[in-house]
Amino acid sequence: EVFNKPSPAEKGDRRLTAVDEEITVCTAYTTKVKTFHTYKRSFTMEKYRKILERLEQLGVKVARGLSDEEFTKIEELYGFIFPRELRDFYSCGLPIGEYFPIWNDFSEENVKQIREMIKFPIKALRSDVENWFWLDSWGDQPESREEDLAVFDSIAERAPKMIPIYGHRYMPALDGAPVISTVGSDSIYYGYTLEKYLKYEFLGIKDGFVSGKVKKVPFWSNLIERR
């Protein structure tokens, strides 16, 4: 029996074999997950292409999609990261026209205009705060307008940036975020996914555009839900 006992080296080999088997199983699972997500992304991007084709049929000019270099330049220039969905959409094509931000135009005038568009949601809401608008989630409302604005500014600067899509329709800079229509305190969900929003806004397809589970967005969901 003594001679049948595995040596330390053999025990180590068995442990390594068990680890190798676990790694193989994990690798196979990871590959399946990656394959699924790749297929899902391809399917979603095909939907975006069809939406862009329909926009062209409606008379909207659609430029080529943004390159990786352009995405990087835009994100560095404006200080946000595109949500995955918006990045995929703009990779397929870039709508050009009134009320659309022209992301690939880096002229001084256009950059200034887009920066104003990015500032608009907070700026418009701040104007309502000046007129005594207040949310419970912001804490007790100060007694003076100056204190109101100071507290609001402190809270608002931590809010996710809003990325303009079309007019006053925005998408928070978070993966999976809903599209929000916002003019100051008059803010509502306008599509619980980017795809649903695009179909409703431009194709007139409701398709449950504000139904289902909406991802909560810090600051902005409190505004919409009046919390």
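Residue numbers start at 1 and run along the sequence shown.
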Between Tyr99 and Pro164, is any pair of side-chain heavy atoms under 4.5 Å apart? no
Note, Asn110 side chain near Ser107 side chain (heavy atom, < 4.5 Å): yes
For the residue pair Trp138 and Trp134, categorise the inter-ring angle as parallel (less than 30°), tilted (30 to 60°) or perpendicular (more than 60°). perpendicular
Counting only heavy atoms not in Lys215, do more than 12 sit closer than 6.0 Å to its NZ atom? yes
With sequence neighbours excluded, what pairs up with Lys161 under the side chain to side chain donor-acceptor pair (under 3.5 Å) test? none
For Phe133 and Leu223: C-alpha separation, side-chain torsions, deciding distance, then whether side-chain contact (heavy atoms from CB on, under 4.5 Å) applies. CA-CA 11 Å; Phe133 175 81; Leu223 172 63; 3.8 Å; yes
Please assess Arg169 against Glu201 for the test side-chain contact (heavy atoms from CB on, under 4.5 Å), listing each intermediate value before the final yes or no. CA-CA 10 Å; Arg169 318 292 194 222; Glu201 180 80 79; 2.6 Å; yes
Between Arg126 and Glu130, does at least one N-O distance fall below 4.0 Å, as a salt bridge requires? yes
Going from CD1 on Ile81 to CD1 on Ile74, what distance comes out if it is rounded to the nearest 0.5 angstrom? 11.5 Å
When you compare the side chain of Leu198 with that of Phe89, does any pair of heavy atoms fall below 4.5 Å? yes
Heavy-atom side-chain contact between Tyr170 and Trp220 under 4.5 Å: no
With heavy-atom distances below 4.5 Å as the criterion, would you say the side chains of Trp103 and Glu70 are in contact? no
Look at Arg87 together with Asp68 and state whether they make a salt bridge at an N to O cut-off of under 4.0 Å. yes
Please tell me if the side chains of Glu85 and Met171 come closer than 4.5 Å, counting only heavy atoms from C-beta onward. yes
Chi angles and distances behind the side-chain contact (heavy atoms from CB on, under 4.5 Å) call for Val111, Arg115: CA-CA 6 Å; Val111 168; Arg115 281 181 171 153; 3.8 Å; yes
Just to verify, what does Asp140 make a salt bridge (charged side-chain N to carboxylate O under 4.0 Å, His left out) with, not counting sequence neighbours? none
Measure the spacing between CD1 of Ile205 and CD of Glu195 and express it to the nearest 0.5 Å. 9.5 Å
Look at the rings of Phe202 and Tyr166 and say which category their plane angle falls in: under 30° parallel, 30 to 60° tilted, over 60° perpendicular. perpendicular
We want to know whether Ser181 and Tyr189 form a side-chain donor-acceptor pair, criterion being a heavy-atom distance below 3.5 angstrom. no
Ring-face cation contact, Tyr192 with Lys213, 6.0 Å cut, 45° max: no
Taking NZ, NE, NH1 and NH2 as the nitrogens, is one of them in Arg49 or Glu46 under 4.0 Å from a carboxylate oxygen of the other? yes
For residues Leu194 and Ile165, determine if any side-chain heavy atom of one lies less than 4.5 Å from a side-chain heavy atom of the other. yes
Run Lys50 and Lys47 through side-chain contact (heavy atoms from CB on, under 4.5 Å) and show every step you take. CA-CA 5 Å; Lys50 288 181 179 179; Lys47 288 183 178 180; 5.8 Å; no
In Å, rounded to the nearest 0.5 Å, how long is the span from OH of Tyr48 to CD of Glu53? 15.5 Å
Side chains of Glu147 and Ser144, donor plus acceptor under 3.5 Å: yes
Would a 4.5 Å heavy-atom cut-off, applied to side chains only, mark Thr182 and Phe120 as touching? no
Just wondering, more than 12 heavy atoms not from Gln57 lying within 6.0 Å of its CD? yes
Ion pair present between Glu116 and Lys112, side-chain N to carboxylate O less than 4.0 angstrom? no
Within a 6.0 Å radius of atom CZ on Phe106, are there more than 12 heavy atoms belonging to other residues, nucleotides or ligands? yes
Once rounded to the nearest 0.5 Å, what's the spacing between atom CD of Gln141 and atom CG of Asp136? 9.5 Å
